[in-house]
Amino acid sequence: MYPNNADPKSAPQALPPQPYAARPHVVQWSTGLCDCFDDPSNCCVTCCCPCITFGRIAEIVDRGQTSCACAGLIYAALAYIGCACLYTCTYRTKLRAAYSLQEDPCADCCVHFWCTHCALCQEYRELKNGGFDPAIGWMANAERMNGATTTPPFVAPGMTR
């Protein structure tokens, strides 16, 4: 029954496939792929300089591990040689995993290859609808989510009541 007379307790155990009901619930995007004008200011920024929108998305999705500037520069360099979609689609996949979003209307790489600007706008809106403000960065969002307040500025001793 066991090959090479191996101890059954030391044999790797395969996990049984999850039944469909036990799989995480997949939800729809809060806005459609072509609803770019739901946020006209972001639509204009993305149209003129998509590296800014992508940098903001990447910083939030990576929880501050990647800076907006670094992600934006990588995007710009890859866009220059025509393969930015290979980089941006990975962040769409991470965002979908974080929010349990469905892969819609097609695979992430296809969406970013054919509709990069629309995909970036949709991802930005999804983060906003999820309670983030991508424009202020990860640290400010984390402080806002935790209810942290900033420390008051230094007050000279003679100016207190």
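- Annotation: the span from I60 atom CD1 to K128 atom NZ amounts to 12.0 Å, rounded to 0.5 Å.
- Applying the side-chain hydrogen bond (donor to acceptor under 3.5 Å, both in side chains) criterion to E59, with sequence neighbours excluded, gives no partner residue.
- In this structure, CG in L101 is found 10.0 Å from CD in Q28, a value given to the nearest 0.5 Å.
- Under a 4.5 Å side-chain heavy-atom cut-off, the cluster of Ile, Leu, Val, Met, Phe, Trp and Tyr residues that includes I52 is completed by V45.
- Note that CG of N141 is 10.5 Å distant from CG of N146, once rounded to the nearest 0.5 Å.
- R56 meets the side-chain hydrogen bond (donor to acceptor under 3.5 Å, both in side chains) test with no other residue; sequence neighbours excluded.
- Nearest heavy-atom pair, P50 versus C47, reported as atom, atom and distance to 0.1 Å: CD-O, 4.4 Å.
- Rounded to the nearest 0.5 angstrom, I57 CD1 and L120 CG are separated by 5.0 Å.
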List the atom pairs, with distances to 0.1 Å, where a side-chain N or O of residues 71-83 and a protein N or O form a donor-acceptor pair under 3.5 Å, not counting sequence neighbours.
none

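- Formation of a donor-acceptor pair under 3.5 Å by the R96 side chain with backbone atoms of D104 is not found in this model.
- Nearest heavy atoms, G130 versus Y99: CA-OH, 3.8 Å.
- Taking OG1 of T88 as the start and CD of E123 as the end, the distance is 7.0 Å to the nearest 0.5 Å.
- Partners of A107 by side-chain contact (heavy atoms from CB on, under 4.5 Å), not counting sequence neighbours, listed by chain and number: E103, C110.
- Taking 4.5 Å as the limit, some side-chain heavy atom of N42 sits within range of a side-chain heavy atom of C121.
- Scored by the side-chain hydrogen bond (donor to acceptor under 3.5 Å, both in side chains) test, T93 finds D108 as partners (sequence neighbours excluded).
- Alongside F113, the hydrophobic cluster contains W114 (criterion: ILVMFWY side chains under 4.5 Å).
- Side-chain contact between Y124 and T46: absent, with no pair of heavy atoms (C-beta onward) separated by less than 4.5 Å.
- For Y91, the ring pair (Phe, Tyr, Trp, His ring centres under 6.0 Å) partners two or more places apart in sequence, or in a different chain, are F54, Y87.
- V111 forms part of a hydrophobic cluster together with L33, judged by ILVMFWY side-chain heavy-atom separations under 4.5 Å.
- Contact record, C89 with H112: CA-CD2, 3.7 Å, taken as the closest heavy-atom pair.
- Residues that satisfy the salt bridge (Lys or Arg N to Asp or Glu O under 4.0 Å) test with D35, not counting sequence neighbours, are absent from this structure.
- Residues in residues 61-76 take part in these salt bridge (charged side-chain N to carboxylate O under 4.0 Å, His left out) pairs, two or more places apart or across chains: D62-K94.
- R125 CZ to T31 OG1: the interatomic distance, rounded to the nearest 0.5 Å, is 3.5 Å.
- Partners of S30 under the side-chain hydrogen bond (donor to acceptor under 3.5 Å, both in side chains) rule, at least two apart in sequence or in another chain, are E126, N129.
- Follow the hydrophobic side-chain contacts under 4.5 Å out from V27 and you reach W29 in the same cluster.
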